[in-house]
Amino acid sequence: MTKKASMSDRFGPFREQLQAAVEAFAGGTAPREARVAGEQDREASRRSAIAATFQAMADDVARAAAEPLELFPVCHHSPSSGLHLRKRLGERPFKVIFLEAAEGLEASLNTGGEFGENLRECQFPIALQAFSVGSSAFPSAWTPLNVVYPLTEFSAEYQAIAYAMAHPETKLVFVDRAVDYIYQWMPKEDDALKERLADEPIDDGDPTTPDATEAPTVSHGTALGLQVGDLLPTFDEFHEFLLKNARVKHFSEWWDQYVESATLTADYATYRQVMFLIGSMLRRFGRRDEDIAQDRQRERYMWTKMKGFLAEHGIDPEDAIHVCGAAHTASDVEEFGVASPVLWEVPPRTETTWLYGVIPSSHLAIEHQFRHPPGSLRLAEKLWKKALTAHNLKPFTIEKRPKSDEKKRVARAAGGAAKSAADTAEPAIFDYLATSPAPLGTDDDELVRWCIEITTLARNNGYLTSTADAIAIFQTSKLLAGVRNRAFPTPYDFTDAAITCLEKDRTPKKRDIRRLCQIMLGGDRIGQVGYASLPPLAQDVYDRLKPLEGRGFTLENKRTQRALLDFKAAPELHACSQVLWMLHYLNRSTCVPIMGERTLGSTPVQESWEVYFTRTQAPIIQLGYEGISLEHVIEKRLKAAAFASSATTVAALSAVEDAILYLRSPRLVAELGEHAIVLLEASTSAAEAPQVFERIRRLVHYYRAQPTGLPAWIKRFVTTGYSHYATLLPASIQDEMTAATDVAAMLSFLFTLESLALAFGAQRSQLLIAVKQAGGAEDLAPTKVALLWSAEWLLGLRKIEDIRAFLDAVLDNPMMLPAFPDYVAGFLLALGFTPLVARVVVELLSKAFARLPDDVLLPWLPSLIMALRPLAGDLVPTLLKEVSVVFPASLAALDGWSPPWDAAPVPVAPPVETKSADANVSEETQRIRAFLAANGAVSEAVAALLGCPAVASPRESPGPETDARPPEASNGALAELLQRYPATLEAVASGSA
Amino acid sequence: MAAKKTEIKEAEATTEAGEALRLPAETKYAEELRWLASVDTSPRPFRWRLSPRMARIFVLGSSPSDKLDRTISQKFYGDPALVERALVTLASDRGLLLIGDPGTGKSWLAELLAAAICSNSTHVVQGTAGTTEDQLKYSWNVAMVISAGQSKESLIPSPIMTAMTRGEIGRIEELTRCTSDVQDALISILSEKYVNIPELKSDGVVFARPGFNIIATANSRDRGVNDLSTALKRRFNFVTIPTVTNKKTEKEIVLFRTQELLARNAFQVDLPPALLDILLQTFSDLRDAQGAATSDDARLESSLSTAEQIGVLEDAVLHSQFFGNAALQSEQLASSLIGTLVRRVPEDVAVMNKVWHSVIQKRGEQSKDKGPWEDFVKGGKKTLETFK
């Protein structure tokens, strides 16, 4: 007889027992009295189907047990799996351990080619990470691609890694599909990835998730989680049925009750058989079809890789062990087993570049990622420690790197080549099915301790609790366990009992009893990645923040810390501040400034920071994938933002500003600035004008205050902008789609930066032509008309009297009256580029309030207030100043007061035609002017004699902003002087004649 | 008044099953209770008729793992842990206070628990603003007192006192509607487990027999009206019953209760599953809108509980039976839904109008099963128009 046949004989009693279970099961599904003759056929077929399934399960167990390549079935983060692997590896050395972990992830373990070195400085739990900033092979909505594989100390995978590190002769090979395939095998839809991420907290109807108000904790972010031996049933009906029958709330609880505690005390053979059976059951009943299809793909991959490795290295399958999820041992793929010659043709990978590293993890993060109930990992850890004590075992551990050069290896577990237990032991699964599991260590003392502790903790959290409550909780826990068919209360029963006895109608403070129970039963455990295992960027951050140490700040401290930087006392802290600002800029979850700001031109005196990254290192480590230093990453990101195909001028200017603030690199600033110019020239609308103007004005102000002065790019930007906006102006004014605010911003750019632009080579004539062009348009919106006239007035193309007369006509014409507020709105916008219109605005507002009928005035008021609000900081003071000049200061003066605009003569009525300045004066005057212009020295000399400063001709120096004032205003002093001494002028004139 | 009510209930219980409008749980499920007691081998606390394990099965229904020879139907739909906690509380020396929104099934659970534990769920005191201490403890038959003086014979025990003397479960409905002094009368009953009757010269103390406990219910919407004192809170374990939002469970409950109703009225009305889905979906949408509302005016007054859904369905079924063609129609369902949920005019009408046009109508347009949805939307609009 073959080996297989003898195997099936050994499992004979087991099969019989399963057959009995089939009988009982088929009989128990319907009430006996309800069974009628017609149903018997159906029941017979049902029974045979169940019998076949059970038979297949028995076959699965026998086949997996007989496989020459030793299969080691595990469940995720199961102490029992860890313990048995620890025992097995101690008993029998293997040449190779195949681990169900993504191929390629082992790169994250190694430093300098030495296996596992990266883990030596780490505090567990940590997670191995594969990261890719992006790839053309996958939808862009998926980026960045991020995969984590958490490791806890009590898991089988940790034991395997620790063993392999201590025994260099044993190879550890990750054989599951590489991370690239995970994404490759996903439907290429934007939402496909989102569905697989653990972004939603566990929804079990209880507020069990820790509250968000607590300090930021370690999280895997939007990473895709991988774990060895994921057995959680995905077929909802089965899952529900399982939990309902076992009277538990979560799968983990079921696992603890029925598998974990039973296998923890079992021998190796029983452990394997039980796990094979459970794996087979969950595989057959608990998985959805689509999940099984994916499982098959993975199993093909794993078996192909394993057989390939064995053949390549000439290793006997009996010298190898495969640590994999229990469900995979019941695989039905052709490639299963070393006896099968079938190999799968592995598809090629995409060209995605993957980076590997280690990030810290935490129990809460793992529970959240894989939807385990909160606290389950901490309970598993407790069980692990208990089991180790009970078995008097020392686990394999990854030791810290020895300080001396000579590397001390981890304690090697003693043990010669014991014979495979699986081969010799009788099928012990029989006992497992026959007797109920005996949980490990059921002591009342612990329960009593819990009861007392939770009472105290509840009291500290505002609950009114006493010893009587502790007694009640104890009693209730026992009763609950009884109702739920349990020999001894589990931590879950205890939690329910505590809630029953202590939770009243409201939670007095932040935490409720469920949360307090979680805290009491363990809370969270946060891992940490050691300095040596950090990527260069993170190490650099730690190095540069060294000066902070000794000032109440510790880099190794895992709590959230406050760093106080006093630059007067310690100027060297400026460098630390720079690092913190860069970190804050790159990822806000690393640190937050409590006091202090970084804006253009500000010089800090003191800063105060809340620093989280010592607690949550993952963001910093992830930054390490993007570059070798913070500056490098920022530069890459800024360039990416500014040079993106969809980038706008504002984005580029924003990048410029960030580059000044965080990098202080004139080279990069110039590069980004030049690109901003290119983008500005390419833009065809005025839509961004307000932001562009605001940003460039800020930059000009900043650079003016710098000793180096304005850089070349900014000069070019201003002149280009001047010319660009002058070109766009006529079209924008005429275009109905362009908002008046955008036109106002363009005009602001043109007039405010005019002096600068003209100084660097721009031509004012371009603006004059553009404004004249714009003025030719018809049917303009009143707001834009007001803006245009303000500009014309500034340029001397229109007189204020004409504007006034027109607006008076508007007020007198009932048909045009409703448009009056729009004109005022336009002038208000014009305040942004010339404070000179302030007087006009005051006049118009006064007239509006005096003359507008209520039905026009009242609906307009809210929008007037809204229009004035953004001007509150800068321009309303100007308006008020103007008001105080125009209106009488005292009540008494009001009687005799008349508005200055009423006193002024009203010359001509609209429509206004711009005449050339020369047309209004007599020939004689023209001759005088021509003479004076030709002999400028004479008039300068006369002016000097009269004690007036020399007035430069506008044509020679198209000067700064003040020159843009209308002639009446700028020449007011001279005109007054000449009026007072007419004789002088006459003398000069007669002299010239 | 409450005592009178109990008497009436007891009278009801003893009436022929066919004659009572609504039978208490212990009478209705008497056969199941008897059978469960006969197969119950687990230890029973005090004088309980069923062990907690069997009581759990009675309330939550049996599953194959219970290895019973017959099926026990599920009577309460909700988190099993909640029922377990309630049961163990009653086995301890603390009272049980069930808290929840109106219509979440508190009283029903209380009745089932009492029926399972002592086969008598009728020791009920209804808490109101007018409930007095006498109704919790005892009062006197005035005529007898005048003729023969105060004696045990002239004493009228309250339902709670009756439960004490029999070692059964006493029930207090809407505990938080009672004033604080009445509530505090419970403190000594719950901790000392006896009632002192000073008027009787000798033998003036009534002791509770083992098995006595109290199930009280409180409405979470009444929170703050008459808050429980700290002393009383300590003597109660609180079990909060959440509003069911899981559609599957909700469907089970609605079907269960509606079938019960149909059976009680002994008539047949077709209940198309599509209409049930429409009802559940509409309630779910209304709840979402309720959650998103920022002021009370933008919320319906109704709590939108499962009981309200049953109410709507009941109304629609009765309409169909008596004024329709014995088959439930979409339009009728919409009309009943709006008629049941609109309580304040115009506030509720405005809320309903908004939800109807912005959410329900879209739901109908997107649905695969257009026919019933269209009628439903149309019927709703027609009903909304009738509100003046």
Side-chain angles (χ1 to χ4, degrees), chain A residues 24-35 203-207 236-237 240-250 253 463-466 468-469 471-486 489 492-493 495-506 512-513, chain B residues 42-43 45 51-57 60-72 74 78-94 96-97 99 176 191 218 220 223-224 227-228 230-240 242-246 248-249:
Chain A
F25 187 65
T29 47
R32 272 181 198 145
E33 70 269 23
R35 245 178 278 149
D203 185 18
D204 54 0
D206 296 313
D236 289 343
E237 274 77 1
E240 212 173 282
F241 184 81
L242 193 73
L243 301 191
K244 195 178 165 200
N245 271 305
R247 295 181 184 171
V248 290
K249 265 188 135 177
H250 303 284
E253 206 180 336
Y463 285 90
L464 294 166
T465 59
S466 63
D469 292 302
I471 299 166
I473 298 170
F474 183 81
Q475 197 187 2
T476 312
S477 306
K478 290 266 187 177
L479 283 167
L480 262 181
V483 173
R484 292 170 178 176
N485 293 337
R486 284 167 205 169
Y492 300 98
D493 298 334
T495 306
D496 270 352
I499 292 170
T500 308
C501 296
L502 300 180
E503 196 71 84
K504 303 294 177 191
D505 51 349
R506 56 178 66 111
D512 61 4
I513 296 291
Chain B
S42 313
S51 65
R53 201 175 289 181
M54 281 299 170
R56 181 192 186 278
I57 293 174
L60 292 170
S62 61
S63 63
S65 65
D66 295 320
K67 296 178 189 129
L68 294 180
D69 278 349
R70 58 173 284 184
T71 318
I72 301 296
Q74 185 168 4
D79 185 4
L82 194 142
V83 177
E84 286 163 2
R85 285 171 48 202
L87 276 168
V88 297
T89 297
L90 291 171
S92 74
D93 68 343
R94 292 192 183 191
L96 170 67
L97 181 63
I99 290 198
T176 41
S191 51
S220 44
R223 178 177 290 172
D227 257 347
L228 298 190
T230 319
L232 192 57
K233 273 187 192 170
R234 276 189 43 72
R235 284 160 177 84
F236 273 116
N237 278 353
F238 287 48
V239 171
T240 307
T243 307
V244 181
T245 47
N246 179 329
K248 199 175 151 221
T249 317

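Lettering follows sequence order; numbering is per chain, from 1.
- Here the side chains of B:Val88 and B:Asn237 are not in contact, with every heavy-atom distance at 4.5 Å or above.
- Residue contact with chain A, scored on non-hydrogen atoms closer than 4.5 Å, is absent for B:Ile72.
- Between A:Asp512 and A:Tyr463, some side-chain heavy-atom pair lies under the 4.5 Å cut-off.
- Interface remark: B:Thr240 contributes no atoms to any contact with chain A (heavy atom separation under 4.5 Å).
- For A:Lys504, there are no salt bridge (Lys or Arg N to Asp or Glu O under 4.0 Å) partners two or more places apart in sequence or in a different chain.
- Using a 4.5 Å heavy-atom cutoff, the side chains of A:Lys249 and A:Leu243 are not in contact.
- The part of B:Thr230 that comes within reach of chain A is its side chain, from C-beta onward, which places non-hydrogen atoms under 4.5 angstrom from that chain.
- In this structure, chain B has no heavy atom under 4.5 Å from any part of A:Leu502.
- Of the atoms belonging to A:Ala497, not a single heavy atom falls under 4.5 Å from chain B.
- A salt bridge links A:Asp469 and B:Arg94; the closest N-O separation between the charged side-chain nitrogens and carboxylate oxygens is under 4.0 Å.
- The residue among A:Gln475, A:Lys244, A:Arg247 with the most heavy atom pairs within less than 4.5 Å of chain B is A:Arg247.
- A:Glu503 pairs by the salt bridge (Lys or Arg N to Asp or Glu O under 4.0 Å) definition with nothing, not counting sequence neighbours.
- B:Arg56 touches chain A through its side chain: at least one heavy atom from C-beta onward sits under 4.5 Å away, while N, CA, C and O do not.
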Could you walk me through whether B:Asp227 and B:Thr176 pass the side chain to side chain contact (heavy atoms under 4.5 Å, CB included) check?
-> CA-CA 7 Å; B:Asp227 257 347; B:Thr176 41; 5.7 Å; no
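- Only the side chain of B:Ile99 has a heavy atom closer than 4.5 Å to any heavy atom of chain A.
- Of the residues considered (B:Glu84, B:Arg234, B:Met54), B:Glu84 shows the highest number of contacts with chain A, using heavy-atom pairs under 4.5 Å.
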